[in-house]
Amino acid sequence: GGVFAGPRPTPDQMALNQALVACATAAKVLDTFDLALEDGVEASTVNIVTAIHRVAKTLSPVKDALAMRSDPSALKRVVEAARARLRSDASSFDARSLANLAWA
């Protein structure tokens, strides 16, 4: 097994990550992330990085333009979560997380 930074993920955080990875569009990634937060899930560093990475990987101007225009702050919320986590707990980002974040 690998070495993970930070505390072990909760079942809700593991479920959120699985849901984020299953999203086929950037808009769905952002919606899934927002809904989880609204449901009280405390997003882990891995969840935040996965959301940003999946947005970058699945972003399609044609498919996502309308959704992004309807809620332009959705992406900003995910990026702000990453920024806040980096400032408050940078040690929770392992090398893989940082690489995925940099790629996105």
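The model shown is predicted, which means the values in this text are computed figures rather than measured ones.
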Exercise. Do Leu59 and Val21 sit in the same hydrophobic cluster, where Ile, Leu, Val, Met, Phe, Trp and Tyr count as joined when their side-chain heavy atoms come under 4.5 Å apart?
Worked result: no
Seminar exercise, completed: Tightest non-hydrogen contact, residues Thr58 and Val29, listed as OG1-CG2, 4.3 Å
Seminar exercise, completed: For Leu16 and Ala36 the tightest heavy-atom approach is CD1-CB, 3.6 Å
For this session: Report the C-alpha distance between Leu30 and Val78 in whole Å, list the side-chain angles of each, state the deciding distance to 0.1 Å, and finish with yes or no for side chain to side chain contact (heavy atoms under 4.5 Å, CB included).
Result: CA-CA 8 Å; Leu30 296 172; Val78 177; 3.6 Å; yes
Exercise. Which pairs, with at least one residue in residues 95-104 and sequence neighbours excluded, count as a side chain to side chain donor-acceptor pair (under 3.5 Å)?
Worked result: Asp94-Ser97
Exercise. Judged by atom type as modelled, is there a donor-acceptor pair below 3.5 Å linking the side chain of Arg85 to the main-chain atoms of Ala43?
Worked result: yes
Problem set entry | Listed once per pair and sorted, the ring pair (Phe, Tyr, Trp, His ring centres under 6.0 Å) pairs that draw on residues 10-45, sequence neighbours left out | none
Problem set entry | Steps toward side chain to side chain contact (heavy atoms under 4.5 Å, CB included) verdict (Leu35, Glu38) | CA-CA 5 Å; Leu35 288 174; Glu38 287 173 16; 3.8 Å; yes
For this session: Return the set of residues passing side-chain hydrogen bond (donor to acceptor under 3.5 Å, both in side chains) with Thr50 (not counting sequence neighbours), or none when no residue passes.
Result: Asn17
side-chain contact (heavy atoms from CB on, under 4.5 Å) with [X]: which residues, sequence neighbours excluded?
X     : answer
Ser44 : Gln13, Val46, Asn47
Ala90 : none
Ala19 : Thr32

For this session: State, yes or no, whether a side-chain contact exists between Ile52 and Ile48 at a heavy-atom distance under 4.5 Å.
Result: yes
For this session: Give every residue pair that meets the salt bridge (Lys or Arg N to Asp or Glu O under 4.0 Å) criterion with at least one member in residues 74-83, sequence neighbours excluded.
Result: Asp34-Arg77, Asp71-Arg77, Glu80-Arg83
For this session: Please assess Leu86 against Leu101 for the test side chain to side chain contact (heavy atoms under 4.5 Å, CB included), listing each intermediate value before the final yes or no.
Result: CA-CA 11 Å; Leu86 277 167; Leu101 198 56; 4.2 Å; yes
